[in-house]
Number of protein chains: 2
Amino acid sequence: MASRKTSIMEAAARVIARRGVRGLRVEELAAEAGVSTALIYYHFKDRTGILRQTLEFINDRAERYTTERDPDAPPPTAREELEQTLLLELQDTVEVRENSTAWGELRASAVFDETLREDLARATRIWVQEVAGLLGVVQPMSSAVALAGAAERLTALLEGLSMRWLSGSLPLAHARTLLTEAIDTEVARLGS
Amino acid sequence: MASRKTSIMEAAARVIARRGVRGLRVEELAAEAGVSTALIYYHFKDRTGILRQTLEFINDRAERYTTERDPDAPPPTAREELEQTLLLELQDTVEVRENSTAWGELRASAVFDETLREDLARATRIWVQEVAGLLGVVQPMSSAVALAGAAERLTALLEGLSMRWLSGSLPLAHARTLLTEAIDTEVARLGS
DNA sequence: GTCTATACCAAGATAGAC
DNA sequence: GTCTATCTTGGTATAGAC
């Protein structure tokens, strides 16, 4: 059963996707969630609390959709798993949009806010390592350094493509094509 | 002779680099420029005017540093010119920082602001075409589609690496290495 | 836990003198 | 063109009743 607090965080995720972290107005959030502003302060203490907890909430959700796979589907090959993991972030679904938007906001905010940098750097490191791990299964003969480099390039490219998509500079289908080709290229590079 | 208005825009560029487009406070800008807030409104009409004109100003400056080359240096090969053009954006100088920061802010803002999208998409298109042109000189046998794809990947990667650098997730030297390797890979890909 | 009403403040913007 | 002083607003946060 979704608690009231959870439904406020769901509403907050929608508002953030629409207005950004820095554009979130407590009043708009209250309207979106169908509650009073006072209730929001009761649950979250202050604006920063709303942001902190909602970002955490969004992150947890993302972990779920990144990990979950259809249990009836045949187990994917390593290469398929790599592609799926990366392409998952370039999909026009509510959850992905909300997550990517929040991630982009976090990245942009960290440029000016020291306090965000450590968390963001750690999350980035984990994400890079995960991709490096998948690449290592596809190309087991590669050195750790080469794998890390390829993973850094692919995830940084993905962030760049994602921002272009969200900001209306690049159609989603084209972004997916470009990323797929980059995966091909990086895998080939590791194999040579 | 730099006019007062110009010196306010220079100050605005510094404030934007420090606080971001959305963090720019007119009062802080006034202090930075050593003038009153009233004077700023006299010259720029309103906050939006400050932003519009300063972003244009920064863009012009960027065009200059991207184009300018040491006249005494030997003319670069096509490959060198390609590398220089891209790596120029990954340098720790005041101008590049200000420009990259502004660009990142613009990109992030456009996710929530329709009115910015058209300009941004056009600027992106021009930038991609310029890089595609340079790639075409390096690999003249490539198809236009292949050149465009490589240019889109390289510029999107550059944006991603730049944001990671500015947000403290990636040391500058490493970002440069990753980009150089990506250029190698894309050029090789076009040649095969 | 949840609301209505409101205090409070930071920041954008303007009036009017020089 | 430039300043000091001030108005105004939009947005965060709280008091107090239910």
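Just so we're on the same page: letters track the sequence lines, and every chain starts at 1. Heavy-atom basis, side chains included; hydrogens, waters and symmetry copies ignored. What you see is a predicted model, and the numbers here were worked out from it, not measured in a lab.
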How long is the line joining [atom1] of [X] and [atom2] of [N], in whole Å?
{"X": "B/F44", "N": "C/dT14", "atom1": "CZ", "atom2": "P", "result": "16 Å"}
{"X": "A/L51", "N": "D/dT12", "atom1": "CG", "atom2": "P", "result": "10 Å"}
{"X": "A/D46", "N": "D/dA13", "atom1": "CG", "atom2": "P", "result": "5 Å"}
{"X": "B/I40", "N": "D/dT2", "atom1": "CD1", "atom2": "C1'", "result": "12 Å"}
{"X": "B/E27", "N": "D/dT6", "atom1": "CD", "atom2": "C1'", "result": "13 Å"}

Any side-chain N or O of [X] under 4.0 Å from OP1/OP2 of [N]?
{"X": "A/R47", "N": "D/dG11", "result": "no"}
{"X": "A/R25", "N": "D/dT12", "result": "yes"}
{"X": "B/Y41", "N": "C/dA13", "result": "yes"}

Item to check | A/A38 vs A/L24, nearer the 5' end of DNA chain D by closest nucleotide | outcome: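 That would be A/L24.
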
Next on the checklist: Return whichever of A/K45 or B/L39 has its heavy-atom-nearest nucleotide of DNA chain D closer to the 5' end.
Outcome noted: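 Going by which nucleotide is closer to the 5' end, it is B/L39.
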
Next on the checklist: Quick check against the 3.5 Å criterion: does A/E186 have a side-chain atom that pairs as donor or acceptor with the backbone of A/A150?
Outcome noted: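 Judged by distance alone, no pair lies under 3.5 Å.
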
Item to check | Verdict with supporting geometry, A/H43 and A/Q53, side-chain contact (heavy atoms from CB on, under 4.5 Å) | outcome: CA-CA 10 Å; A/H43 281 301; A/Q53 297 192 47; over 6 Å; no

Checklist entry - If you find the nucleotide of DNA chain C closest to A/T37 and the one closest to A/Y42, which residue's nucleotide is nearer the 5' end? => result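 The residue whose closest nucleotide sits nearer the 5' end is A/Y42.
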
Checklist entry - NA contact type, B/L29, heavy-atom cut-off 4.0 Å: base, sugar-phosphate, or nothing? => result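 Since no nucleic acid heavy atom lies under 4.0 Å of B/L29, the category is nothing.
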
Item to check | ILVMFWY cluster, A/I8 and A/L55 together (side-chain gap under 4.5 Å) | outcome: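 They do share one cluster, since a chain of ILVMFWY contacts under 4.5 Å joins A/I8 to A/L55.
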
Next on the checklist: Given the ring of B/F44, does B/K5 sit roughly above its face, with NZ or CZ under 6.0 Å from the centre of the six-membered ring and within 45° of the axis?
Outcome noted: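 Output yes; distance and angle both within limits.
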
